[in-house]
Participant: 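Take this structure first; my questions come after.
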Amino acid sequence: MSDCIFCKIASGEIPTDFVYSDDNIVAFRDLNPQAPVHVLIIPRKHYASAAVVDDEKVFSDLMSGAVKVARALGLEDKGYRMVINTGEEGGQTVLHLHLHLLAGRNLGWPPG
Ligand code: AMP
């Protein structure tokens, strides 16, 4: 998608430091972090949201990528949260599927 900011990040059109990348996903720090660690994991392929994904491997790529990032950042002991906001009431603001990896503080429940 030519006007999608996360597609531009994934393709390198917008230079971004990747925390992790492979053939299918990239991970980078959130611009407006909601916790001391806030990393976004996105598929290179554009999907507007989780609701339109037609290949379940996309979800395993995202989750296993997030766990790899969590391990690399040493988050296993204290813990972390993985979140996929989906659609308007789900709080999604960027229409390219992404998984939030949050850590570094006590995360409240239920979320707002
Ligand atoms: P969501 O509300 O689930 O759609 O989350 C979108 C997230 O993308 C927010 O946490 C934003 O802070 C983050 N974000 C938007 N633009 C950028 C960007 N250029 N680089 C990094 N994070 C971004």
Side-chain angles (χ1 to χ4, degrees):
M1 282 263 298
S2 57
D3 60 345
C4 170
I5 190 158
F6 283 4
C7 284
K8 290 179 181 173
I9 288 173
S11 70
E13 187 180 337
I14 296 177
T16 303
D17 287 332
F18 292 149
V19 178
Y20 174 82
S21 70
D22 63 25
D23 288 347
N24 301 312
I25 62 168
V26 303
F28 53 93
R29 304 258 178 199
D30 196 290
L31 200 60
N32 181 24
Q34 301 301 310
V37 177
H38 189 170
V39 174
L40 300 175
I41 295 93
I42 71 169
R44 288 185 182 274
K45 182 173 176 183
H46 183 87
Y47 292 96
S49 80
V52 299
V53 172
D54 55 4
D55 176 1
E56 63 190 27
K57 183 175 179 298
V58 172
F59 295 122
S60 59
D61 288 344
L62 284 183
M63 291 201 78
S64 58
V67 170
K68 279 181 197 162
V69 171
R71 285 186 186 135
L73 297 179
L75 303 177
E76 303 104 310
D77 287 349
K78 289 198 168 177
Y80 51 90
R81 183 173 293 169
M82 295 182 282
V83 175
I84 299 178
N85 296 326
T86 305
E88 191 180 342
E89 291 198 359
Q92 184 179 5
T93 58
V94 175
L95 297 183
H96 179 123
L97 173 63
H98 51 281
L99 184 153
H100 297 258
L101 173 67
L102 298 146
R105 66 172 171 82
N106 281 309
L107 298 162
W109 192 264

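First listed ligand is number 1; within each ligand, the first listed atom is number 1.
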Participant: What is the closest protein heavy atom to atom 5 (O) of ligand 1, and at what distance does it sit?
Facilitator: H98 NE2, 3.0 Å
Participant: Measuring from non-hydrogen atoms of Q34 to any atom of ligand 1, is the shortest distance under 4.0 Å?
Facilitator: no
Participant: To the nearest 0.5 Å, what is the distance between CG (L101) and OH (Y20)?
Facilitator: 13.5 Å
Participant: Which ligand 1 atoms are under 4.0 Å away from a heavy-atom of H100?
Facilitator: 1 (P), 3 (O), 5 (O), 7 (C), 10 (O)
Participant: Report yes if some N/O of L31 lies less than 3.5 Å from some N/O of ligand 1; otherwise report no.
Facilitator: yes
Participant: Is it the case that ligand 1 has an N or O less than 3.5 angstrom from some N or O of N85?
Facilitator: yes
Participant: Between R44 and A10, is there a donor-acceptor pair closer than 3.5 Å when you use the side chain of the first and the backbone of the second?
Facilitator: yes
Participant: Which of the numbered atoms in ligand 1 are under 4.0 angstrom from any heavy atom belonging to R29?
Facilitator: 21 (C)
Participant: Is there a donor-acceptor pair under 3.5 Å between the side chain of Q92 and the backbone N or O of A48?
Facilitator: yes
Participant: May I ask which of I9, N32, D30, I84 has a heavy atom nearer to atom 11 (C) of ligand 1 than the others do?
Facilitator: D30
Participant: Side chains of L62 and P43, heavy atoms from C-beta outward: is any pair under 4.5 Å?
Facilitator: yes
Participant: Give the single entry among I5, V94, V83, L102 that approaches atom 15 (C) of ligand 1 most closely by any heavy atom.
Facilitator: V94
Participant: Ring centres under 6.0 Å, that's the criterion: do H98 and H96 meet it?
Facilitator: no
Participant: For H38 and ligand 1, does the shortest N/O to N/O distance drop below 3.5 Å?
Facilitator: no
Participant: Roughly how far, to the nearest 0.5 Å, is the OG atom of S49 from the CD atom of E88?
Facilitator: 12.5 Å
Participant: Is there a polar contact, in the sense of an N or O pair closer than 3.5 Å, between L40 and ligand 1?
Facilitator: no
Participant: Around K45, counting heavy atoms of other residues, nucleotides and ligands shown, do more than 12 lie under 6.0 Å from its NZ?
Facilitator: no
Participant: Quick check, are the ring centers of F6 and F28 under 6.0 angstrom apart?
Facilitator: yes
Participant: Can you name the atoms of ligand 1, numbered from 1 with element, that are less than 4.0 Å from a heavy atom of T93?
Facilitator: 1 (P), 2 (O), 4 (O), 5 (O), 6 (C)
Participant: Pull out every atom of ligand 1 sitting under 4.0 Å from any heavy atom of Q92, numbered as shown with elements.
Facilitator: 4 (O)
